[in-house]
Amino acid sequence: QVEHTESGGGLVQSGSSLVLSCAAVGRPFSTYAVAWFRQAPGKERDFVAAIDYSGLQTTYEDSIRGRFTISKNNTKNTVYLHMANLQPEDTAVYYCATRLFGGASQRSDDYFAWGQGTQVTVSS
């Protein structure tokens, strides 16, 4: 499985935007489906968004649909999560996960490689 690193998290105010990046290391992302999950303090890890290996299929968790957009740049070996109108309930550690030649699955068990996560904190 491809190794990858997340970046782009930070502390922002409610209503702000952030772009998270998931960059592949050593192997091209072009054959991997990629998903973002998040885990808030004291809660389970939840699905956020996913994109298939081709970059043509995406799926989103209902509460963030219309605010977050996932995209894939195979030339840069990077997947992005564009987050707009952030709210305090979006505060969490965001994780990038990958699966080889997969579709855009919402199931965490379908992904085999996970990053260390990047912290997003939204103040009210």
Side-chain angles (χ1 to χ4, degrees):
Q1 294 290 329
V2 65
E3 294 184 2
H4 52 269
T5 58
E6 301 101 329
S7 62
L11 171 62
V12 297
Q13 292 185 334
S14 180
S16 298
S17 299
L18 275 177
V19 180
L20 303 184
S21 298
C22 176
V25 179
R27 294 187 179 183
F29 250 167
S30 58
T31 58
Y32 288 85
V34 181
W36 288 95
F37 291 78
R38 66 185 179 184
Q39 187 167 20
K43 296 186 177 181
E44 295 184 351
R45 185 169 56 192
D46 293 328
F47 169 76
V48 177
I51 191 165
D52 77 333
Y53 78 95
S54 72
L56 298 178
Q57 178 195 20
T58 59
T59 184
Y60 297 92
E61 193 273 327
D62 288 344
S63 71
I64 59 89
R65 192 183 305 274
R67 295 191 298 124
F68 292 10
T69 303
I70 189 170
S71 63
K72 196 166 186 261
N73 187 325
N74 286 334
T75 300
K76 295 185 177 181
N77 263 352
T78 303
V79 168
Y80 302 98
L81 184 67
H82 298 255
M83 306 186 295
N85 191 24
L86 284 162
Q87 300 299 315
E89 53 265 34
D90 295 316
T91 295
V93 178
Y94 284 71
Y95 296 93
C96 176
T98 61
R99 59 189 297 229
L100 183 61
F101 278 127
S105 172
Q106 297 189 6
R107 298 178 64 249
S108 61
D109 289 348
D110 286 339
Y111 296 90
F112 301 101
W114 294 78
Q116 294 300 308
T118 184
Q119 176 71 48
V120 173
T121 304
V122 185
S123 62
S124 58

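The figures here come from the full heavy-atom set of this structure, side chains too, leaving out hydrogens, waters and symmetry mates. All residue numbers in this chain count up from 1 along the given sequence. Everything quoted here is computed from the prediction, not taken from an experiment.
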Assess the side chains of Q87 and S14: does a donor N or O sit below 3.5 Å from an acceptor N or O?
yes

For D46, enumerate each residue passing the salt bridge (charged side-chain N to carboxylate O under 4.0 Å, His left out) test, keeping only those at least two apart in sequence or located in another chain.
none

Residues that T59 engages under side chain to side chain donor-acceptor pair (under 3.5 Å), provided they are two or more places apart
Q106

Between the side chain of H4 and the main-chain N/O of G115, is any donor-acceptor distance below 3.5 Å?
yes

Could you work out the complete set of other residues in the hydrophobic cluster of L11, with links drawn between I, L, V, M, F, W and Y side chains under 4.5 Å apart?
none

Checking Q57 side chain against G103 main chain: does a donor-acceptor pair fall under 3.5 Å?
no

Salt bridge (charged side-chain N to carboxylate O under 4.0 Å, His left out) partners of D52, counting only residues at least two apart:
none

pair Y95-E6: side-chain heavy atoms closer than 4.5 Å
yes

What residues form a ring-ring contact (aromatic ring centres under 6.0 Å, His included) with F37, not counting sequence neighbours?
F47, Y111, W114

Residue pairs, two or more places apart or on separate chains, that pass disulfide (SG to SG under 2.5 Å) and touch residues 60-124
C22-C96

Using a 4.5 Å cut-off on heavy atoms from C-beta on, say whether the side chain of R38 contacts that of D90.
yes

Those residues that, when tested against N77, pass side-chain contact (heavy atoms from CB on, under 4.5 Å) (two or more places apart):
A24, P28, F29

S105: which residues meet the side chain to side chain donor-acceptor pair (under 3.5 Å) condition with it, sequence neighbours left out?
D110

Identify the two heavy atoms, one from R99 and one from F112, that lie closest to each other, and give their separation to 0.1 Å.
CB-CD1, 4.5 Å

So, the side chain of T78 versus the backbone of K76: is there a donor-acceptor pair under 3.5 Å, distance only?
yes

Between R45 and V93, is any pair of side-chain heavy atoms under 4.5 Å apart?
no

Just to verify, what does Y53 make a side-chain contact (heavy atoms from CB on, under 4.5 Å) with, not counting sequence neighbours?
F101

Could you measure the distance from the NZ atom of K72 to the OG atom of S30? Nearest 0.5 Å is fine.
6.0 Å

Would you check if there is a donor-acceptor pair between the side chains of T121 and Q119 at a distance under 3.5 Å?
yes

Got L20 and W36 here, is their nearest side-chain heavy-atom distance under 4.5 Å?
yes

List in chain and number order the residues that pass ring-ring contact (aromatic ring centres under 6.0 Å, His included) with Y60, two or more places apart in sequence or in another chain; answer none if no residue qualifies.
none

Say whether Y80 and V34 are linked into one hydrophobic cluster, either directly or through other cluster members, by side-chain heavy-atom distances under 4.5 angstrom.
no

Taking the hydrophobic residues Ile, Leu, Val, Met, Phe, Trp and Tyr, and joining any pair whose side-chain heavy atoms are under 4.5 Å apart, which ones share a cluster with L56?
none

From the list V122, T118, V12, side chain to side chain contact (heavy atoms under 4.5 Å, CB included) partner of L18 resolves to V12

Considering all heavy atoms, the nearest P88-S123 contact:
CG-C, 4.5 Å

Please report the shortest heavy-atom distance between A40 and A92, naming the atom on each side.
N-CB, 3.8 Å

Looking at every non-hydrogen atom in both residues, tell me the closest pair between G102 and A33 and how far apart they are.
O-CB, 3.2 Å

Any side-chain heavy atom of T5 sitting closer than 4.5 Å to one from Q116?
no

Is S71 close to H82 at the side-chain level, that is, under 4.5 Å between some pair of heavy atoms?
yes

Considering residues at least two apart in sequence or located in another chain, which fulfil the salt bridge (charged side-chain N to carboxylate O under 4.0 Å, His left out) criterion with R65?
D62

Evaluate the side-chain proximity of L100 to T31: yes if any heavy-atom separation is below 4.5 Å, no if none is.
yes

